[in-house]
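Everything below concerns the one structure shown next.
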Amino acid sequence: MRRGLNRTDELAVRQARRRNVRFRHAFVWLLIGAVLYAIALAIAVLLYPDPKDVLAPVIGPSLYLTPLFGLPYLFASIRQRGWAQRLVYFEAALPVAHVAANYLAWRHAMLSFPLEPDPQAYLRDLGTGAVGGLAGGTLALMLLVPLRLAPLGAGSRAIILLGIAALTLLGAMGMAQGLLLTNALEYPLRSARFLFWLECVHLPWQACLAFFLAWLMRLGRRPGA
């Protein structure tokens with residue numbers, strides 16, 4: 001009889017683990033989502049008839065493809081608790097955060113764009129990327145809290161601040177180094193240059209975001225908290 005109770009307890013523990021968000025499971029599937037997004041972005045950019053349209057601050061392909069980032073994880077975690085909140089987060093809240101961050105970075109770039117060649121171009125690009133990275137990181141991580149996907153305790157606040165700092169740095173480096181390597185904004189405009197630049201901006205940033213999202217969602221929210 002005792003052995004039967006132990007087996008029942010073990011089964012209950014296993015079911016509870018399947019229902020809870022696990023860091024490795026979430027991180028791996030979000031990384032797959034980042035790769036899926038990168039592939040879709042490559043196809044979309046190469047199919048665009050006019051390369052400069054890729055930079056549209058609100059309707060560019062890097063923005064409307066954002067829901068792909070969380071799609072593999074949503075399918076893989078359908079039996080885990082909080083799935084409805086994750087659906088809202090990845091398919092609605094995160095795209096809105098991406099649009100807002102992209103617009104702020106684009107606006108900063110337009111306000112600081114020089115009319116003549118500028119020897120400080122690299123620093124300007126760092127600033128533009130930092131604006132986008134800061135805005136995107138802040139919105140992406142903080143939106144977990146009202147959707148009850150992460151708590152707002154002392155530990156999670158520290159993780160959020162660390163994540164924002166890392167995403168700001170990656171945003172700055174991705175933007176500046178991507179432009180330095182590709183000269184994407186020089187004429188004649190070429191889709192291949194835009195593609196490599198956008199992948200430099202997005203792929204490392206999304207991989208880092210995947211890490212912090214998986215970490216924070218693992219903490220979860222207590223019922224009624």
Tell me, with the steps shown, if His202 and His98 meet side chain to side chain contact (heavy atoms under 4.5 Å, CB included).
CA-CA 11 Å; His202 289 96; His98 191 180; 3.5 Å; yes

Check for me, please, whether [X] and [Y] land in the same ILVMFWY cluster - side-chain distances under 4.5 Å, paths through other members count.
{"X": "Phe196", "Y": "Leu41", "value": "no"}
{"X": "Val35", "Y": "Val201", "value": "no"}
{"X": "Leu94", "Y": "Val88", "value": "yes"}
{"X": "Leu203", "Y": "Phe212", "value": "no"}
{"X": "Met142", "Y": "Leu161", "value": "no"}

Is there a side-chain contact between [X] and [Y] in this structure, where contact means two heavy atoms from C-beta onward sitting under 4.5 Å apart?
{"X": "Leu31", "Y": "Gln206", "value": "no"}
{"X": "Leu71", "Y": "Phe90", "value": "no"}
{"X": "Leu87", "Y": "Leu74", "value": "yes"}
{"X": "Tyr122", "Y": "Gln177", "value": "yes"}
{"X": "Leu141", "Y": "Leu213", "value": "yes"}
{"X": "Ile160", "Y": "Leu144", "value": "no"}

Would you find a donor on one side and an acceptor on the other, under 3.5 Å apart, between the side chain of [X] and the backbone of [Y]?
{"X": "Ser156", "Y": "Gly153", "value": "yes"}
{"X": "Tyr37", "Y": "Ser62", "value": "yes"}
{"X": "Arg86", "Y": "Arg81", "value": "yes"}
{"X": "Trp205", "Y": "Leu167", "value": "yes"}

[X] [atom1] to [Y] [atom2] distance, which is reported to the nearest 0.5 Å:
{"X": "Tyr64", "Y": "Ile59", "atom1": "OH", "atom2": "CD1", "answer": "9.0 Å"}
{"X": "Leu36", "Y": "Leu30", "atom1": "CG", "atom2": "CG", "answer": "12.0 Å"}
{"X": "Thr128", "Y": "Asp125", "atom1": "OG1", "atom2": "CG", "answer": "6.0 Å"}
{"X": "Arg218", "Y": "Arg24", "atom1": "CZ", "atom2": "CZ", "answer": "13.0 Å"}
{"X": "Leu134", "Y": "Leu169", "atom1": "CG", "atom2": "CG", "answer": "12.0 Å"}
{"X": "Leu162", "Y": "Arg157", "atom1": "CG", "atom2": "CZ", "answer": "15.0 Å"}

Is the number of heavy atoms from other residues, nucleotides or ligands within 6.0 Å of CZ (Phe23) greater than 12?
yes

Just wondering, are more than 12 heavy atoms of other shown residues or ligands nearer than 6.0 Å to CG in Leu47?
yes

Closest approach of [X] and [Y], non-hydrogen atoms and distance?
{"X": "Gln85", "Y": "Leu147", "answer": "CG-O, 3.1 Å"}
{"X": "Thr66", "Y": "Leu63", "answer": "OG1-O, 2.7 Å"}
{"X": "Pro61", "Y": "Ala44", "answer": "CB-CB, 3.8 Å"}
{"X": "Leu139", "Y": "Ala100", "answer": "CD1-CB, 3.8 Å"}
{"X": "His108", "Y": "Gly127", "answer": "CE1-C, 3.8 Å"}
{"X": "Trp83", "Y": "Ile78", "answer": "CD1-CA, 3.3 Å"}

Evaluate the side chain to side chain contact (heavy atoms under 4.5 Å, CB included) criterion for residues Tyr73 and Met217: first the C-alpha distance (whole Å), next the side-chain angles of each, then the deciding distance (0.1 Å), finally the verdict.
CA-CA 12 Å; Tyr73 178 50; Met217 287 191 295; 3.7 Å; yes

Show the numbers, then the answer: is there a side chain to side chain contact (heavy atoms under 4.5 Å, CB included) between Tyr48 and Leu195?
CA-CA 11 Å; Tyr48 256 64; Leu195 169 59; over 6 Å; no

Hey, what's the ring geometry for Trp215 with Phe211, parallel, tilted or perpendicular (30° and 60° as the breaks)?
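Perpendicular: the ring planes of Trp215 and Phe211 meet at over 60°.
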
